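See structure below.
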Amino acid sequence: MHLDPFELHRPRSVEETVGLAGRWAGQFDYLAGGTDLLPNYKMHLNLKPHVIALDAVPELAGHSLERVGAMERLSPLERDRAFGATYPAVADALREVATPLVRESGTVGGNLLVETRCFFFNQSYFWRASLGFCLKADGDRCHVVPQKERCYATFSGDLAPAFLVLRAEVELAGPEGRRKIPLSELYDAKGDGLRRLTTRPGELLVALHLPPEGRGLRGRYRKLRVRPSYDFPELGVAVAGAFDGDRVTSLALALGGVETYPRRFDELTEPLIGETLSDDRLSALAEAVTRAVRPVHNTFLLPDYRRRMVGVYVRRAISETKGAVAA
Ligand SMILES: Cc1cc2nc3c(=O)[nH]c(=O)nc-3n(C[C@H](O)[C@H](O)[C@H](O)COP(=O)(O)OP(=O)(O)OC[C@H]3O[C@@H](n4cnc5c(N)ncnc54)[C@H](O)[C@@H]3O)c2cc1C
Ligand code: SF4
């Protein structure tokens, strides 16, 4: 495997970055830590002739309890105890991303925008060529669900579910200007593994904003993976909530690793607010979430098993959140 040549640009401001994005529209990728993009480039997956590196743009750096810059590396966030105590589900998720070495380079922005995955896609050029390629790169059909319209590649970032339950917002900048949208709207629920985001052409993720109501909630992120040392999630379940004894005063639940986008389940958790979280209610919620998701066979574990684990992990994550000491 080798890296083909590309032209590297290194802008110094958000304005310069989006200027370059307008100039090289459709012909570039943004480069953050490169821990996802560059391995994909080495496998000749959707190469672009221009790469815009984001490491010299000061506005994208740093974090506080209110704001996380897109270029903030995962390690400093993981080491910040005050941040972890304020957002326990995010602290759990940070510890579960890849390996300590990858977390030194990988960024929050890159994690939220990580490419969707599939075992017919994350393969070498020759492996893919032997199969006739697929819709997501170089081909015109899907091998997972045989047809030619839709890609089922799985969203496999760990941080998105944990930030979704905090109702985080993202700040975007593009050739058409700046805007802020809920993180949940960054991902296209009507899209697929190819058209997975709602961003406009050339848009850059500048920062993540954390609203005050997410601070100090109890929380948990539970991840299913084959090798605990570094694998991507086969399922990720994030919970944030507050309880008055057994009564639920706030509850949010989000899943990643099972569909083409990370997803919050407000329609199932909101009816529980004000209610006692009995075993029956918790089981009913876990069953309803299980019924709502449809994993396909494009990761290591079989879809039926992953689906059954949804119920188990939802129950565990919520029970542990309820049992946790409030921050
Ligand atoms: C061995 C290994 C194991 C891994 N395991 C996990 C895992 O368990 N969980 C997990 O979540 N990830 C895992 N990853 C993937 C990856 O390391 C992380 O998701 C990391 O956080 C990605 O961040 P990055 O800065 O390196 O992204 P990059 O590779 O630089 O970028 C990823 C994508 O986001 C785009 N992008 C990056 N920043 C911006 C921005 N500010 N605006 C617009 N677009 C942007 C890039 O163009 C690219 O498409 C693993 C990677 C490796 C190599
Ligand atoms: S789900 Fe289908 S189209 Fe998408 S990456 Fe896998 S094989 Fe390719």
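Everything quoted here is computed from the prediction, not taken from an experiment. The first residue in the sequence is number 1, and the count goes up from there. Indexing begins at 1, ligand by ligand and atom by atom, following the structure's order.
Of the protein's non-hydrogen atoms, Tyr152 N, 3.1 Å is the one closest to atom 1 (S) of ligand 2. Shortest contact from atom 32 (C) of ligand 1 to any protein heavy atom: Gly110 O, 3.8 Å. When hydrogens are left out, the protein atom nearest atom 7 (C) of ligand 1 is Ala98 N, 3.3 Å; that is the closest non-hydrogen contact. Taking atom 9 (N) of ligand 1 as the reference point, the nearest protein heavy-atom neighbour is Asp158 OD2, 2.7 Å. Among all non-hydrogen protein atoms, the one lying nearest atom 8 (Fe) of ligand 2 is Cys134 SG, 2.3 Å. Regarding atom 4 (Fe) of ligand 2, its nearest protein heavy-atom neighbour is Cys151 SG, 2.4 Å. Nearest protein heavy-atom neighbour of atom 45 (C) of ligand 1: Leu113 CD1, 3.5 Å. The protein heavy-atom contact nearest to atom 6 (Fe) of ligand 2 is Cys118 SG, 2.3 Å. What sits closest to atom 2 (Fe) of ligand 2 on the protein, heavy atoms only, is Cys142 SG, 2.3 Å.
Nearest to atom 18 (C) of ligand 1 by heavy-atom distance, out of Asp55, Leu197, Asn111, is Asn111. Taking each of Leu37, Val14, Asn40, Thr107 in turn, the one with a heavy atom nearest to atom 49 (O) of ligand 1 proves to be Leu37. In this comparison of Phe28, Phe232, Tyr41, the heavy atom closest to atom 50 (C) of ligand 1 sits on Phe232.
Of the possible polar contacts, one joining the Arg307 side chain to the Val293 backbone as a donor-acceptor pair under 3.5 Å is found. Counting only distance, with no hydrogens or angles, the side chain of Glu72 and the backbone of Val68 share no donor-acceptor pair below 3.5 Å.
Neither side chain, Arg281 nor Thr276, offers a donor N or O lying under 3.5 Å from an acceptor on the other. Side-chain contact, Asp29 with Tyr41: a donor N or O sits under 3.5 Å from an acceptor N or O.
Close N/O approach between Glu203 and ligand 1 is not found [any backbone or side-chain N/O within under 3.5 Å]. Geometrically, ligand 1 and Tyr230 share a nitrogen or oxygen pair separated by less than 3.5 Å. Below 3.5 Å of separation, one finds no N or O of Leu38 facing any N or O of ligand 1.
Contacts between Ala70 and ligand 1 below 4.0 angstrom, taking non-hydrogen atoms only, involve the side chain exclusively. If you look at Val108 next to ligand 1, there are no close heavy atoms at all, none under 4.0 Å. The proximity of Pro39 to ligand 1, defined as any non-hydrogen pair under 4.0 Å, does not occur for either the backbone or the side chain. Residue-level proximity to ligand 1 for Glu72 is absent, since no heavy atom of it falls below 4.0 angstrom. The proximity of Val102 to ligand 1, defined as any non-hydrogen pair under 4.0 Å, is limited to the side chain. At a heavy-atom distance under 4.0 Å, only side-chain atoms of Leu54, from C-beta outward, approach ligand 1.
In summary, the aromatic rings of His50 and Phe6 are positioned with their centroids too far apart to meet the 6.0 Å limit. Aromatic rings of Tyr313 and Tyr221 (six-membered ring for Trp) have centroids beyond the 6.0 Å cut-off, not under it. Remark: aromatic rings of His297 and His143 are distant, center separation not under 6.0 Å.
Near Leu205, meaning under 4.0 Å from one of its heavy atoms, ligand 1 places the atoms 40 (C), 41 (N), 42 (N), 43 (C). Counting the atoms of ligand 2 from 1 in the order shown, those under 4.0 Å from a heavy atom of His143 are 2 (Fe), 7 (S). Residue-ligand proximity, Gly157 to ligand 1, at heavy-atom distances under 4.0 Å covers atoms 11 (O). Under a 4.0 Å criterion applied to the non-hydrogen atoms of Ala32, ligand 1 contributes the atoms 25 (O), 30 (O), 37 (C), 38 (N). Atoms of ligand 1 found under 4.0 Å from any heavy atom of Gly33, numbered from 1 in the order shown, are 24 (P), 25 (O), 26 (O), 30 (O).
For the ligand labelled ligand 2, residue Ala153 lies inside the 4.0 Å heavy-atom shell.
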